[in-house]
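The structure appears below as structure tokens.
Start at 1 and go down the list; that is how both ligands and their atoms are numbered. In what follows, residues are counted from 1 in the order of the sequence shown.
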Amino acid sequence: MRIHVSQELRQPVGSESVMELRQRSLFLDDGADLSELEGTARMLRTDRGLLVTVAARATLRGTCSRCLAAAESPIEIAFQEEFIPVIDPVSGKHITPDEIDEGFVIDGELVLDLGEPLRQYALMSEPSKPLCRPDCAGLCPTCGANLNEGPCGCPPAAEDRWGALAALNKEKEGS
Ligand SMILES: [Zn+2]
Ligand SMILES: [Zn+2]
């Protein structure tokens with residue numbers, strides 16, 4: 001999500017502008033992507049660059065923690081990051097790298113790329129155990145079949161064992 005910010009950088013320190021964000025899809029990593037991102041980016045001119053405050057909603061498509069199918073979770077992305085230009089927006093003079101500590105930069109074309117911070121913050125907002133649906137039945141621990149597609153035919157081993165054990169204990173207590 002690349003935004004041309006030469007206008008914003010030419011404003012005096014303290015000036016603010018607001019930009020609508022809208023993105024159909026954004027690749028996050030091998031297991032996840034974002035879709036239907038909507039929100040705003042407020043840009044405040046600082047003495048070093050632009051302080052960007054993002055507030056957005058999106059749908060994160062990840063992997064169900066029970067059955068490994070696709071799982072969609074609505075998420076909110078909110079962050080504030082300062083972006084420092086690598087060149088002076090007025091003189092075009094390069095700013096030496098040690099003036100830019102770790103963090104985000106505005107490139108030599110005065111383009112600010114929100115893709116990377118959106119990616120990082122979206123992954124942080126992902127639910128720890130996403131589900132494809134609230135009642136996902138998961139995979140059979142014995143044969144690995146997806147139980148959402150119906151019973152696999154394996155005996156419900158764990159439950160039976162516990163049942164037998166409970167019965168045994170009852171017998172002992174009774175004697
Ligand atoms: Zn699932
Ligand atoms: Zn099975």
Margin query: Taking side chain to side chain donor-acceptor pair (under 3.5 Å) as the definition, give me every residue that meets it alongside R10, ordered by chain and number, with sequence neighbours left out.
Written below: none
Check: CG/L9 to CE/M43 distance, rounded to the nearest 0.5 angstrom?
Finding: 9.5 Å
Notebook entry, point to check: How many angstroms lie between atom OG1 of T46 and atom CD of E82, to the nearest 0.5 angstrom?
Noted result: 4.0 Å
Can you hop from [X] to [Y] via hydrophobic side chains spaced under 4.5 Å?
| X | Y | answer |
| --- | --- | --- |
| M124 | L28 | yes |
| L44 | I84 | no |
| L131 | L60 | no |

Checklist line | Pair R45 + E16: basic N to acidic O under 4.0 Å | finding: no
Check: Given atoms SG of C154 and SG of C152, what angle do they subtend at the Zn ion (ligand 2), to the nearest 10 degrees?
Finding: 110°
Check: Rounded to 10°, how big is the angle at the Zn ion (ligand 2) from C143 SG to C140 SG?
Finding: 110°
Item checked: Metal environment of the Zn ion (ligand 1), protein N/O/S under 2.8 Å -> C64 SG, C67 SG, C132 SG, C136 SG
